[in-house]
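Predicted model only: the values in this text are computed from it and were never measured. Basis for what follows: all heavy atoms, side chains included, without hydrogens, waters or symmetry-related copies.
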Amino acid sequence: MDKTPEVEIVRSAKRRSTLSASLVEGRVVVRVPATISTSELDRMVPGLVRRVMAKQQRSGPSDEQLMERSLLLSRRYLDGRATPVSVRWVGNQNRRWGSCTTTTGQIRLSDRLQKMPQYVIDYVLLHELTHLLHADHGPGFKAMTSRYPQGEKAEAFLAGVSFGSGLPPIPLDDLPDVGMPPAVGHAPD
């Protein structure tokens, strides 16, 4: 984020001496003791805002940015046909990189992807977007995901991450390939 975010100051009588700041819906919320002076706020808030924004940049794109990226990928590789209802990061996917609920249009990506190269995130996102059009991994699905020019490179990167961490290969999702036995490391159905 290049622009300066909106800052909201929340004073609390219960808070005695500490200040805290977090990003909430695109604005930085700074929680401070009710007794803090305006001059102290003027001195301390800019540093808190810088730290929150630096942390945000290190943690990868926001859910909003992920949604924007998904729409761009849909236009570029899926003729704009895949339109998710929501796209968000989740911290509870340890056996797969992403998931898609085709009935609701919700896509979730493992937050472990956040520090990976953009082409890897894009590939996993495109994979899940394609499930909005093809629930399985059949020929139609493969034809659409093969439009992404860095797909093989992204799959190799993800396999390397799994191998390097001593884990079995982690599938993009838990759907086995149609007509093929589940690949090693595929989560059971």
Where [X] and [Y] come nearest, the two heavy atoms and their spacing:
| X | Y | answer |
| --- | --- | --- |
| G138 | D136 | N-OD1, 3.0 Å |
| S70 | P84 | OG-CG, 3.6 Å |
| C100 | L132 | SG-CD2, 3.5 Å |
| A21 | V30 | CB-CG2, 4.1 Å |

| said: Are I121 and Y119 linked, directly or through intermediate hydrophobic residues, by side-chain heavy-atom contacts shorter than 4.5 Å (ILVMFWY only)? | reply: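 They do share one cluster, since a chain of ILVMFWY contacts under 4.5 Å joins Y119 to I121.
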
| task | To the nearest 0.5 angstrom, please state how far the OG atom of S12 sits from the CG atom of L19. | result |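 Atom-to-atom, S12:OG and L19:CG are 11.0 Å apart.
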
| query | Once you round to the nearest 0.5 Å, how far does CE of M144 lie from CG of L78? | reply |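 Here the rounded value is 5.0 Å.
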
Any donor-acceptor N/O pair, [X] side chain to [Y] backbone, under 3.5 Å:
| X | Y | result |
| --- | --- | --- |
| R112 | L109 | no |
| S110 | L113 | no |
| R31 | T18 | no |
| S74 | L71 | no |
| T130 | T145 | no |
| T101 | T104 | no |
| R11 | I36 | yes |

Could you check whether [Y] and [X], counting side-chain N and O atoms only, form a donor-acceptor pair closer than 3.5 Å?
| X | Y | answer |
| --- | --- | --- |
| E155 | Y123 | yes |
| R96 | S99 | no |
| R88 | S86 | no |

| task | Describe, in one word, how the ring planes of F141 and H127 are oriented to each other, choosing from parallel (under 30°), tilted (30 to 60°) and perpendicular (over 60°). | result |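 Geometry flag for H127 against F141: perpendicular rings.
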
| request: Can you sort out the partners of T38 under side-chain hydrogen bond (donor to acceptor under 3.5 Å, both in side chains), two or more places apart, ordered by chain and number? | output: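 T38 satisfies side-chain hydrogen bond (donor to acceptor under 3.5 Å, both in side chains) with no residue once adjacent residues are dropped.
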
| Residue pairs passing the salt bridge (charged side-chain N to carboxylate O under 4.0 Å, His left out) test where at least one lies in residues 76-86, sequence neighbours excluded |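 Only D79-R147 qualify under salt bridge (charged side-chain N to carboxylate O under 4.0 Å, His left out).
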
| said: If you count heavy atoms of other groups shown closer than 6.0 angstrom to CD of Q118, is the number above 12? | reply: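 Correct, the count exceeds 12.
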
| Worked verdict on R69 versus L125 for side chain to side chain contact (heavy atoms under 4.5 Å, CB included) | CA-CA 9 Å; R69 189 71 178 179; L125 190 50; 4.2 Å; yes

| message | Could you tell me if R108 sits above the aromatic ring of W89, with its cationic atom closer than 6.0 Å to the ring centre and no more than 45 degrees from the axis? | response |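 Judged by the rule, R108 and W89 form no cation-pi pair.
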
